[in-house]
**Student:** 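Quick one: this structure, given as structure tokens, is what I'll be asking you about.
Residue numbers begin at 1 in each chain, while the letters A, B, ... track the order of the sequences.
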Amino acid sequence: MDEKFNKPYDPSETEEKIYKKWEKSGYFAPEAHQPMAGNPKPFCIIMPPPNANGSLHLGHALMTTLEDIMIRYKRMRGFKTLWLPGADHAGFETQVVYEKKLEKEGRSRFQIPREKLWQEIWDFTQANKVVMEEQLKRLGASCDWSRKKFTLDKDIIEKTQDTFIQMHKEGLIYRGNRLVNWCVKHQTGLSELETKHEERTDALYYIKYGPITVATVRPETIFGDTAVAVNPKDKRYKDLIGKEIEVDVAVGKINLKVIADKVVDIEFGTGAVKVTPAHDQTDFEIWQRHKEEIEGPKEVINHLGRIDLKNYFPKNEVYEKLQGLKVLEARKVIVEELQKKGLIEKIDNDYKHDVSLCYKCSNILEPRLMSQWFVKMEPLAKPAIKAVEKGDIKFIPTRFKKVYFHWLKNIRDWNISRQIVWGIPIPAWFCLDEIAKKGLLPQKEIEPDQSLTHWRKWLDFSTKPVFIGRNPPKKCPGCGKNDLIQDPDVFDTWFSSGQWPFLTLGFEESESPSKSKIKSQKSKLSDYEQFYPTDVMETGWDILFFWVARMVMLGLYKTKKVPFKHVYLHGLVRDKDKQKMSKSKGNVIDPLGIVNEYGADALRMALIIGNTPGNDLAFSEEKVRGYRNFANKIWQASRFVLMNTPRTNLHEFNHKLTRIKLSAYDKKRLKEFESLKKSVTKEMDSFKFYIAGEKIYHYFWHTFADKIIEESKERLNGEDAKEKQSAQFILLEILTGSLKLLHPFMPFITEEIYQYLPGKIKKTLMVENW
RNA sequence: GGGUGCUUAGCUCAGUUGGUUAGAGCGUCGCAUUUACACUGCGAAGGUCAUAGGUUCGAAUCCUAUAGCACCCACCA
């Protein structure tokens, strides 16, 4: 027996060696593994690609463990398994991370030319990717590295753009002038999902608008007012509806029409609301309903969140005070000015309401009118709802179905334009001449204090793309002589990751059902043909809308098939007091630190046991320590078995046993193990890894080690040769069987011990028969 | 304002379609032992299953209401 069994189990000297052995075996790739005879069934998981902007956290470790368990289990069951790894460029997220880095260096992204910034972030993500891959390996991920994908691989970019082009052609994508959630800090618009809401207490100002008093929390937007709205049923204002009123807004006077709209709540405030279509979502919608009657949006707050009156008011004393002020400063000033004129009727300082914030920087979002690309969601949502209703996609746990339905049934169009450089370029082209005519020619050199926003400024509401496609003609197809310029915006990162399953598997447009049939008869099947739809999408519930729902919609749209059959949603990994881990709280646990100290197997068990799908997990180092102890228990029990069994193989053993009879006790023990195996298999098949793992743990420690081994001692040392042999047989048999059951959970230690077993049949435990 | 969960031992959580005495891990307490393993063994204490009703021969489990907690969604200025 090897010397090392005399010491406690040491993961650090085992794990790296074992991972190399696996990699060398080639068994991570589906085709290398030669499972049972016949036609093996495919089993495929596409790994949610981690963001290539940092290192892995415990959430990633959980994801990796869950998926690795499924993959290893299915591999041992003889399935042709593919676990496809990848990394996500994570557009906005990464740009935010990189901007923080720039800030520390005293630089700003607004002063770096696009191409250079792109290159810098590219290098940054490439470096992170290498680190992340190493981390995944340390966790034992048995994924097929030969197939790894990055969301900015050439084919992914092109196919993502093709989807856009196709959707545009079919009217599912349109360019709209709409109010977008604009983050003043990050200088980009965001989708609904990228906003968060928070309750704030602010002042509600009652301002006299001629004969009417309106209530508002944003007096600084009054310069952009184009109407006053009341409820059609409100008797108080009945006579004023349709009339124009003169309103003093301190910088000057404006005329506003009083209109009737059903959204106005009679009970709230004075029942009259100022309408500012350029800076408020509700008001924008009111304007859309009253386009004929009232003026459109007047932008009086610019992209930097500062007051800009130059288009609407003449310069005067108040103008000078306000011009260029940030929103909150402007609010104070305008209130003062209005008070001077006696136009503030009252102020309610205790008004509680929700504000929309940037989910990254928590700054208040400024709704801003912009020309952006939108995806029409309703036609995509309907099939996505149906697929789940029909049961083509099953949720684990099932309750997320309801959440999914609710979101899809109330879905809004999706803004997929982002004003950042880090992303997939939008294949839309504009005529340079048209832009030149507006005096807005894009500048290659960026002047100080002129941002990338300036760079895209020429893209105003009236500019229409003249060509949509990947390969634009040399000259504008409209005028025939001028150059084209590409849309400076990039896609929302989820637009590409929403297509991840079929993109990574190499879906080709030409793969119509009839063609692929002919093809499959002749040549090797493509990954897409073999593995799509994939079997399980395992990810966190927090990206159910961001990602899962969009994958379903885009997958159905492009391939006419669901992208996966099961959605397994795990929860958040929290600290031992159930607090969210965050850098500011200082309670972040680095998975690699845990692996270094206790081993990957112990970490994996700590993440799996007691962790039910959809629920958050309380993670503690004590828990890991417990499973580190368990690893040693396995080690020691194996040592005992190896010490007490001859170095022959199981076949020989079996052969002998045809002549010796197993004792009744041993038969009973084997039967007991068989029933454990059955029940564990059942739990594995129903995604209850937390139960499966616990059952094996409990059996191994408290039945195999505490009872079977203890009770074997006497017989092993006794005179009765048959009893001895019978005892040896079941020890080896149950140990081998247990290692198999444990392997998906604790792959390293089980593989290491397997290599010393006399009964070893396969080259690695990884491909043993379950 | 709408929705989804949760409430079971000191802590973290299981508990499948309602069916004997409600389980596990960690923790606590007692005892043992140089043993394959102290990263150990044996044993013990500890729960009126949030509360109040209801259905049932039988409820932690199903129904209703209440309370507390967590989260998600939402254009009342």
**Student:** Counting side-chain heavy atoms from C-beta on, which of B:U4, B:C76, B:A74 comes nearest to A:R399?
**Tutor:** B:U4

**Student:** Using whole Å, report how far CZ of A:F284 lies from C1' of B:C75.
**Tutor:**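 Computing the A:F284:CZ to B:C75:C1' distance gives 13 Å.
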
**Student:** Please determine, for the side chain of A:T282, which listed nucleotide (B:C75, B:C73, B:C26) has the closest atom?
**Tutor:**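 For the A:T282 side chain, the nearest candidate turns out to be B:C75.
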
**Student:** Ignoring backbone atoms, test whether A:K707 places a side-chain nitrogen or oxygen under 4.0 Å from the OP1 or OP2 oxygen of B:G41.
**Tutor:** no

**Student:** Looking at every strand, decide which applies to A:H279 at a 4.0 Å heavy-atom threshold: base, sugar-phosphate, or nothing.
**Tutor:**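 Nothing: the residue A:H279, judged by heavy atoms under 4.0 Å, touches no strand.
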
**Student:** Using only side-chain N and O atoms of A:Y9, determine if any of them is under 4.0 Å from OP1 or OP2 of B:C37.
**Tutor:** no

**Student:** What is the separation between atom CD1 on A:I691 and atom C1' on B:U12, rounded to the nearest whole Å?
**Tutor:** 16 Å

**Student:** Counting heavy atoms not belonging to A:K332, are there more than 12 under 6.0 Å from its NZ?
**Tutor:**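 Atom NZ in A:K332 is not packed in, count stays at 12 or less.
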
**Student:** Heavy atoms under 4.0 Å, any strand shown: does A:A618 hit a base, just sugar-phosphate, or nothing?
**Tutor:** sugar-phosphate

**Student:** Counting the atoms with a prime plus P, OP1 and OP2 as sugar-phosphate, which does A:V641 contact under 4.0 Å by heavy atoms, base, sugar-phosphate, or nothing?
**Tutor:** nothing

**Student:** Would you mind reading off the distance between A:L569 atom CG and B:G5 atom C1', rounded to a whole angstrom?
**Tutor:** 14 Å

**Student:** Per the side-chain contact (heavy atoms from CB on, under 4.5 Å) rule, which among A:V214, A:I212, A:I254, A:I222 passes with A:V247?
**Tutor:** A:I254

**Student:** In whole angstrom, what separates A:R604's CZ from B:G25's P?
**Tutor:** 22 Å

**Student:** Looking only at side-chain N and O atoms, does A:S620 come under 4.0 Å of OP1 or OP2 in B:C26?
**Tutor:** no

**Student:** If you measure from the C1' atom in B:C29 to the same atom in B:U66, how many Å do you get, rounded?
**Tutor:**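 Rounded to whole Å, the distance is 39 Å.
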
**Student:** Can you tell me if the side-chain N/O atoms of A:K633 get under 4.0 Å from OP1 or OP2 in B:C39?
**Tutor:**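 False: A:K633 side-chain N/O out of range (4.0 Å or more) of B:C39 OP1/OP2.
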
**Student:** Kindly say if A:R639 contacts the phosphate of B:C37, meaning a side-chain N or O under 4.0 Å from OP1 or OP2.
**Tutor:**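 Yes.
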
**Student:** With both distances kept under 3.5 Å, what pairs with B:G19, Watson-Crick or G-U wobble?
**Tutor:** B:C57

**Student:** Who is the Watson-Crick or G-U wobble partner of B:C76, with both distances under 3.5 Å?
**Tutor:**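 Pair assignment: B:C76 / none.
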
**Student:** If you draw the axis of the six-membered ring of A:F630, does the NZ or CZ of A:K633 fall within 45° of it and under 6.0 Å from the ring centre?
**Tutor:** no

**Student:** For A:Q636 and for A:G269, locate the closest nucleotide of RNA chain B by heavy-atom distance; then report the residue assigned to the nucleotide nearer the 5' terminus.
**Tutor:** A:Q636

**Student:** For the pair made of CG in A:N410 and C1' in B:C75, what is the distance, rounded to whole Å?
**Tutor:**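 Answer to the nearest Å: 13 Å.
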
**Student:** Taking any strand in view, what nucleotide pairs with B:U7 in a Watson-Crick or G-U wobble way, both distances under 3.5 Å?
**Tutor:**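 B:U7 is paired, partner B:A67.
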
**Student:** For the pair made of CD in A:E714 and P in B:U35, what is the distance, rounded to whole Å?
**Tutor:** 18 Å

**Student:** Centre of A:W414's six-membered ring, under 6.0 Å away, within 45 degrees of the axis: is that where NZ or CZ of A:R550 sits?
**Tutor:**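 A:R550 over A:W414 ring: yes.
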
**Student:** Out of B:U35, B:G25, B:C39, which has the shortest distance to the side chain of A:P8?
**Tutor:** B:C39

**Student:** Indicate, with a heavy-atom threshold strictly under 4.0 Å, whether A:G610 touches base, sugar-phosphate, or nothing.
**Tutor:**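 Counting heavy atoms under 4.0 Å across all strands, the contact made by A:G610 is with sugar-phosphate only.
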
**Student:** Using atom C1' of each nucleotide, how far apart are B:C13 and B:C49 to the nearest Å?
**Tutor:** 13 Å

**Student:** Under a 3.5 Å cut-off for both distances, is B:U12 Watson-Crick or wobble paired, and to whom?
**Tutor:** B:A24

**Student:** Using the C1' atom as the reference point in each nucleotide, state the distance between B:C6 and B:U61 in Å, no decimals.
**Tutor:** 15 Å

**Student:** Expressed in whole Å, how much space separates the C1' atoms belonging to B:U17 and B:A59?
**Tutor:**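 To the nearest whole Å, 14 Å.
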
**Student:** Picking from B:A77, B:G25, B:C73, which would you name as closest to the side chain of A:L193?
**Tutor:**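 Out of B:A77, B:G25, B:C73, the nucleotide with an atom closest to A:L193's side chain is B:C73.
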
**Student:** Side chain of A:D265, heavy atoms from C-beta onward: which of B:A74, B:A77, B:U40 has the nearest atom to it?
**Tutor:**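 For A:D265, the side-chain atoms sit closest to B:A77.
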
**Student:** Hey, is the side chain of A:Y209 poking within less than 4.0 Å of OP1 or OP2 on B:A77, counting only N and O atoms?
**Tutor:**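 So the side chain of A:Y209 is outside the cut-off, no N or O lying under 4.0 Å from OP1 or OP2 of B:A77.
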
**Student:** With a 3.5 Å limit on both atom pairs, tell me what B:A45 is paired to, counting Watson-Crick and G-U wobble, or say none.
**Tutor:**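 By the stated definition (distances under 3.5 Å), nothing pairs with B:A45.
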
**Student:** Counting side-chain heavy atoms from C-beta on, which of B:G41, B:A36, B:A77 comes nearest to A:D706?
**Tutor:** B:G41

**Student:** Assess A:K291 against A:W287: is NZ or CZ under 6.0 Å from the centre of the six-membered ring, and within 45 degrees of the ring's axis?
**Tutor:**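 Geometry flag: set, cation within 6.0 Å and 45°.
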
**Student:** Does the side chain of A:R412 get closer than 4.0 angstrom to OP1 or OP2 of B:C75 through an N or O atom?
**Tutor:** yes

**Student:** So A:K274 and A:I207, do their side chains get closer than 4.5 Å, heavy atoms only?
**Tutor:**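 Side-chain contact under 4.5 Å: no.
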
**Student:** Atom NZ of A:K682 and atom C1' of B:G15: how far apart are they, to the nearest Å?
**Tutor:**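 Roughly 13 Å, once rounded to whole Å.
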
**Student:** Does A:H353 have a side-chain nitrogen or oxygen under 4.0 Å from the phosphate oxygens OP1 or OP2 of B:G1?
**Tutor:**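 No, outside the criterion.
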
**Student:** May I ask you to test the A:Y568-A:F395 pair for a side-chain heavy-atom distance under 4.5 Å?
**Tutor:**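 Side chain of A:Y568 against side chain of A:F395, heavy atoms only: no contact under 4.5 Å found.
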
**Student:** Phosphate oxygens OP1/OP2 of B:G41: is one of them under 4.0 Å from a side-chain N or O of A:W701?
**Tutor:** yes

**Student:** Would one find a side-chain N or O of A:K402 under 4.0 angstrom from OP1 or OP2 of B:C73?
**Tutor:**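 It does not, given that no N or O in the side chain of A:K402 lies less than 4.0 Å from OP1 or OP2 of B:C73.
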
**Student:** Can you identify which nucleotide, out of B:A74, B:C73, B:A77, has its nearest atom closest to the A:H406 side chain?
**Tutor:** B:C73

**Student:** With both distances under 3.5 angstrom, what nucleotide forms a Watson-Crick or G-U wobble pair with B:U40?
**Tutor:**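 By the stated definition (distances under 3.5 Å), B:A32 pairs with B:U40.
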
**Student:** Quick check for you: among B:C73, B:U12, B:G25, whose closest atom lies nearest to any side-chain atom of A:K578?
**Tutor:** B:U12

**Student:** To the nearest 0.5 Å, what is the distance between CG (A:L607) and NZ (A:K623)?
**Tutor:**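 Answer rounded to 0.5 Å: 7.5 Å.
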
**Student:** Look at the side chain of A:E710 and the base of B:A36, then say whether one donor and one acceptor between them are separated by less than 3.5 Å.
**Tutor:**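 Such a pair exists between side chain and base.
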
**Student:** Just compare B:C37, B:G41, B:A24 and give me whichever is closest to any side-chain atom of A:N632.
**Tutor:**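 Per side-chain heavy atoms of A:N632, the pick is B:C37.
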
**Student:** Got a salt bridge between A:K208 and A:D248, using NZ or NE/NH1/NH2 to carboxylate O under 4.0 Å?
**Tutor:**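 Result for this pair is no, no salt bridge flagged.
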
**Student:** Would you mind telling me which of B:C37, B:A77, B:A36 lies closest to the side-chain atoms of A:F640?
**Tutor:**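 Given the options B:C37, B:A77, B:A36, the side chain of A:F640 is closest to B:A36.
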
**Student:** State whether A:N6 places a side-chain N or O below 4.0 Å from either non-bridging phosphate oxygen (OP1 or OP2) of B:A36.
**Tutor:** no

**Student:** Calculate the interatomic distance between A:R574 atom CZ and B:C6 atom P; express it in whole Å.
**Tutor:** 16 Å

